[in-house]
Amino acid sequence: MLRFTDSLTGDKTDFVPRDPGKASVYWCGPTVYDLPHLGHARSTLAFDILVRYLRWSGYEVCSASNITDIDDKIIARAAEEDSTEPELAARFERAFIDQMDLLNIAHPDLRPRATEYVEQMIAVVADLVDREMAYTTDSGVYFAVDRLPEYGALVHRSPEELREGAGARVDVDDDKADPLDFALWKAAKEGEPSWDSPWGPGRPGWHIECVAMSLDLLGDGFDIHGGGDDLIFPHHENERAEALGCERAFATHWVHNGMVQVGGEKMSKSLGNFTTLGDLLEAWDPRALRLLVLQTHYRRTMEIGSDTLDQAAAALGRLDTFADRIGQADLPPSEPDPGVVERFRSAMDDDLGTPAAVAVIFDAVRDANRAIDIEDETGAAALASTVTTLASVLGLGLGSRGSSAPDPEATEIDAMVADRSAAKAAGDYAQADSIREALTTRGIQLEDTPAGTTWRRA
RNA sequence: GCAUCGGUGCCCGAGCGGACCAAGGGAACGGCCUGCAAAGCCGUAAAGCCGCGGGUUCAAAUCCCGCCCGGUGCUCCA
């Protein structure tokens, strides 16, 4: 039985989908006003893994994740760069998708943009106004928090407690009846993009888009809503308020991933400052980041730094070496080992226990290597099949650098390897070692096997 | 201040009342294999009284109380 820690209740609860056998998942995507950062990667990886696992478990999944392409930051940034909002948003959306692709993150089934959903947002706002859950002022339309006694359930705070902190970071808008109230619709200011509405020209407030899109695309009472845990308040709390204010069933499971820490100057200095995801992906195999994320539970705050990435890369190297080894071992086709698969499944079923699931894979790797060593082909084949299957469930493709492109220096290296083999056969180890040394300094690692010598880039 | 998540070996990091499992990964050391390596396998580490102090229990890293430390949130940040 699959279960998740639900941010609303704070408990692990069984996943009970609205429609048996199906799963509807929505998670908050980026506001595209800048390059993707490590936090985007972690969060998106977390939900990629969730969706992959749901599918593998047999659920028919519909996933949706938004692109917020209009908001204050986009407007400000476009003005700074003397660009336009659509151009800026399109550029950073492209960067986001490209880098997620590098991370082998599957595209969500639906990727709605906020600007394409203004009409639906206006409908939600109008509904809230009709129900007197919202009121209008000169500066826009606001949600009336005091009309919803449940407000604060997701952050686990009462409205009174929340009021104490309200306004701590931003000036309280005088138009608001209550400091907790938040904008559903913002009246247009000079020079800002705007849309017509029953309340005059303006643009949507922040939280309204996700409500309009998730309910529209996935339907009332959809299954899972997620995002980074920094979104719990105010974003998700307010989304929930809007949906409940319309008396529409919202998400039944709330799943939030923990934040990424980049341990201050230590890493950025020694590594020439990677603060963006792009910098990281230039220096490390994207799969190393995925593995690192997998080795930490999704709810926990994690540190991403050059040392932990190096460790993950080394672990990944072990998996790749293994994949290459089984590729050369010419094993008979085989089904995965049911016992190992079951251990993997129970790890994942328990709130997506990817660290334990990865441990199951590494255990299988060791067992498979041992089986190969003792020439137990049947056992090795089953375990090898298990490893590649389970790794792919987690979105990890294994095998020599994952690259299919032929090495440009292959011919030359092959020739040197052949020379060395000849020298070895002749007993001229000094010559053989000198060739090997030459290759090593070029980053080529040789491996002598009973079947001959192979090489790979270290 | 309030809310919330956490403090486990050299490093990362599982664990959610009870099994000689404190997982798995990285690093280190020893052994096997190898002409020597690499890869792989086997093993080891006075390496932690699982942040500190109490408590509950036949039994606690795991539950409760207090304290210390860190992350995040407290209006637009995944």
Side-chain angles (χ1 to χ4, degrees), chain A residues 7 10 12 27-31 33 36-47 68 71-73 152 155-158 161-173 176 179-183 205-207 226-235 237-238 256-261 291-292 294-297 299-303 305 307-319 321-322 324-325 347 350-351 353-363 365-370 372-374 424 427 429 432-433 436-437 440 445-449 453-456 458:
Chain A
S7 307
K12 278 187 197 173
W27 68 94
C28 292
T31 301
Y33 68 96
H37 59 239
L38 272 43
H40 291 116
R42 201 243 175 131
S43 187
T44 313
L45 278 167
F47 289 96
T68 297
D71 96 317
D72 291 351
K73 286 185 176 169
V155 257
H156 305 286
R157 300 197 67 189
S158 68
E161 290 171 318
L162 287 166
R163 261 177 212 110
E164 287 174 26
R169 263 169 51 173
V170 161
D171 293 336
V172 175
D173 188 326
K176 292 183 189 177
L180 289 184
D181 293 349
F182 52 93
W206 180 34
H207 323 294
D229 66 21
D230 56 341
L231 294 182
I232 291 174
F233 192 90
H235 185 51
E237 188 72 52
N238 289 352
H256 290 99
N257 65 273
M259 296 291 96
V260 169
Q261 277 174 253
L291 184 56
L292 180 59
L294 284 165
Q295 285 180 311
T296 308
H297 188 86
R299 288 175 54 80
R300 284 193 49 163
T301 305
M302 70 179 291
E303 171 81 23
D307 45 358
T308 54
L309 281 164
D310 284 343
Q311 291 183 7
L316 180 65
R318 186 151 160 239
L319 296 176
T321 303
F322 171 74
D324 288 349
R325 190 179 188 203
D350 185 10
D351 201 20
T354 56
V358 169
V360 168
I361 292 177
F362 275 102
D363 281 341
V365 167
R366 183 186 310 104
D367 291 344
N369 272 318
R370 193 184 301 141
I372 295 172
D373 285 346
I374 63 171
K424 246 178 64 167
Y429 294 120
D433 287 350
R436 182 170 66 193
E437 183 60 28
T440 301
Q445 179 65 55
L446 297 190
E447 286 179 26
D448 292 334
T449 75
T453 299
T454 63
W455 59 270
R456 61 187 165 84

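So that the names make sense, note that chain A is the first sequence line, chain B the second, and so on, each numbered from 1. The model shown is predicted, which means the values in this text are computed figures rather than measured ones. Heavy atoms only: backbone and side chains are in, while hydrogens, waters and symmetry mates are out.
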Length of the CG-C1' vector between Leu180(A) and rC2(B), whole Å: 14 Å

Among Leu38(A), Val260(A), Leu231(A), Asn257(A), side chain to side chain contact (heavy atoms under 4.5 Å, CB included) partner for Ser43(A): Asn257(A)

Candidate nucleotides rA78(B), rA14(B), rA3(B), ranked by approach to the side chain of Cys28(A) - the nearest: rA78(B)

Sugar-phosphate, base or nothing in reach of Gly39(A), heavy atoms under 4.0 Å: base

Atom pair distance, as rounded to whole Å: CZ in Arg300(A) and P in rC16(B): 14 Å

Closest non-hydrogen atom pair, His256(A) against Gly228(A): CD2-O, 3.5 Å

Pairwise P distance, rG51(B) and rA46(B) [rounded to whole Å]: 23 Å

P-based separation of rG24(B) from rC65(B) [nearest Å]: 33 Å

Atom-pair distance (CZ on Arg299(A); P on rG7(B)), nearest Å: 13 Å

Bracket notation of RNA chain B in which parentheses pair within the strand, [ ] cross earlier pairs, and | pairs with another strand (Watson-Crick or G-U, under 3.5 Å): ((((((((.[[[..)..(.....]]].(((((.......)))))......[[[[[..)....]]]]])))))))....

Base-contact (B) and sugar-phosphate-only (S) positions in nucleotides 20-37 of chain B, heavy-atom cut-off under 4.0 Å, - elsewhere: ---BSBS--------BBB

Among rU8(B), rC74(B), rG40(B), the one nearest Arg157(A) by side-chain distance: rC74(B)

Side chain Arg42(A), main chain Gly258(A), donor-acceptor under 3.5 Å: yes

Touch class at under 4.0 angstrom, heavy-atom based, for Asn257(A) against every strand present: base

Spacing of the P atoms in rG6(B) and rU62(B) (rounded, Å): 13 Å

Sugar-phosphate only, base, or nothing, as touched by Asp229(A) at under 4.0 Å among non-hydrogen atoms: sugar-phosphate

Aromatic plane relationship, Trp27(A) with Phe47(A) - under 30° parallel, 30 to 60° tilted, over 60° perpendicular: parallel

Straight-line distance of Leu180(A) CG to Asn238(A) CG, nearest 0.5 Å: 9.0 Å

Touch class at under 4.0 angstrom, heavy-atom based, for His256(A) against every strand present: nothing

Salt-bridge criterion met for Arg370(A) and Asp373(A) (N-O under 4.0 Å): no

Between C1' of rC10(B) and CG of Asp307(A), the distance in whole Å: 12 Å

Any Asp350(A) side-chain heavy atom under 4.5 Å of Lys12(A) side chain: yes

rA39(B) and rG30(B), which share atom name P, separated by this distance in whole Å: 15 Å

Atom-to-atom span, CG of Asp351(A) to P of rC5(B) - whole angstrom: 13 Å

rG54(B) and rG73(B), which share atom name C1', separated by this distance in whole Å: 31 Å

Residue Thr308(A), side-chain atoms from C-beta onward, closest of rC12(B), rU72(B), rA39(B): rC12(B)

Gln445(A) side chain vs Arg456(A) backbone, donor-acceptor pair below 3.5 Å: no

Distance, rounded to the nearest Å, where Leu162(A) contributes CG and rC2(B) contributes P: 15 Å

Gap between atom CG of Leu291(A) and atom CD of Gln311(A) - 0.5 Å precision: 11.0 Å

Integer angstrom distance from the C1' of rC33(B) to that of rG40(B): 9 Å

Rounded distance in Å between the P positions of rU57(B) and rG15(B): 28 Å

Whole angstrom value for the distance that separates P of rU8(B) from NE2 of His297(A): 18 Å

Separation of the C1' atoms in rC49(B) and rC36(B), to the nearest angstrom: 46 Å

Nucleotide of rA78(B), rC74(B), rA14(B) approaching Pro234(A) most closely (side-chain heavy atoms): rC74(B)

Protein-nucleotide distance (His156(A), atom NE2; rC2(B), atom P), rounded to Å: 17 Å

Sugar-phosphate only, base, or nothing, as touched by Asp350(A) at under 4.0 Å among non-hydrogen atoms: nothing

Residue mapping more 5' on RNA chain B - nearest nucleotide basis, Asn369(A) or Asp230(A): Asn369(A)

NE2-CG distance between His297(A) and Asp351(A), expressed to the nearest 0.5 angstrom: 4.0 Å

Closest heavy-atom pair and its distance - Leu292(A), Ala312(A): CB-CB, 3.8 Å

Touch class at under 4.0 angstrom, heavy-atom based, for Gly353(A) against every strand present: nothing

